[in-house]
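Structure record follows, encoded as structure tokens.
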Amino acid sequence: MITKDGKTCQICSLDETAYRKTLKQKLLEEVNELRDAPSKEAMILEMADVLEVLEALQKSYGLDLNEILSTKRQNRMESLKRRSFWNM
């Protein structure tokens, strides 16, 4: 058990389904922290966290990193380059 600021937490092992669900929740948490990062340094730390969770998801699902990167290159989001977005 770890204590910090009077709080306690417990470490538990998860089955694959629970692990994947937890990783997806963690990804949302890390993206929100990235969104709210107050400085360049904080953004770097949060982006590293996002990438770490994405890597864990990729490995958990047995996805091929080269296939992901190839798909990224093929599906370049031109709107991001133009800084234009759809409002819905």
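We number each residue from 1, following the sequence as shown. Side chains are part of it too, since the values below use all heavy atoms of this structure and drop only hydrogens, waters and symmetry mates. All values derive from a computational prediction rather than experimental measurement.
Distance check, rounded to the nearest 0.5 Å: CG of Leu54 to NZ of Lys26 gives 13.0 Å. Within the model, atoms CD1 of Ile44 and CG of Asp49 stand 12.0 Å from one another, a figure rounded to the nearest 0.5 Å. Here the CD-CG distance, from Glu30 to Leu23, works out to 11.0 Å after rounding to the nearest 0.5 Å.
With sequence neighbours left out, the salt bridge (Lys or Arg N to Asp or Glu O under 4.0 Å) criterion links Glu46 to no other residue. Not a single side-chain hydrogen bond (donor to acceptor under 3.5 Å, both in side chains) links Gln58 to another residue, sequence neighbours left out. In this structure, Glu52 has no side-chain hydrogen bond (donor to acceptor under 3.5 Å, both in side chains) partners at least two apart in sequence or on a different chain. Lys21 is linked by a side-chain hydrogen bond (donor to acceptor under 3.5 Å, both in side chains) to nothing, counting only residues two or more places apart in sequence or in another chain. For Thr22, the side-chain hydrogen bond (donor to acceptor under 3.5 Å, both in side chains) criterion is met by no residue, not counting sequence neighbours. Partners of Lys24 according to the side-chain contact (heavy atoms from CB on, under 4.5 Å) rule, which considers only residues two or more places apart in sequence or in another chain, are Leu57, Tyr61.
A donor-acceptor pair under 3.5 Å is absent between the side-chain atoms of Ser70 and the main chain of Asn66, judged by distance alone.
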Would you mind writing out the side-chain donor-acceptor pairs for residues 11-19 within the sub-3.5 Å range, not counting sequence neighbours?
| residue | atom | partner | partner atom | Å |
| --- | --- | --- | --- | --- |
| Asp15 | OD1 | Thr17 | N | 3.2 |
| Asp15 | OD1 | Ala18 | N | 2.8 |
| Glu16 | OE2 | Ser60 | OG | 2.4 |

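Within the structure, side chain to side chain donor-acceptor pair (under 3.5 Å) contacts touching residues 33-43 (residues at least two apart or in different chains) are Asn32-Arg35.
Put simply, Val31 and Val53 are part of the same group of oily side chains (I, L, V, M, F, W, Y) that touch within less than 4.5 Å, one to the next.
Under the 4.5 angstrom side-chain criterion for Ile, Leu, Val, Met, Phe, Trp and Tyr, Leu28 has no cluster partners at all.
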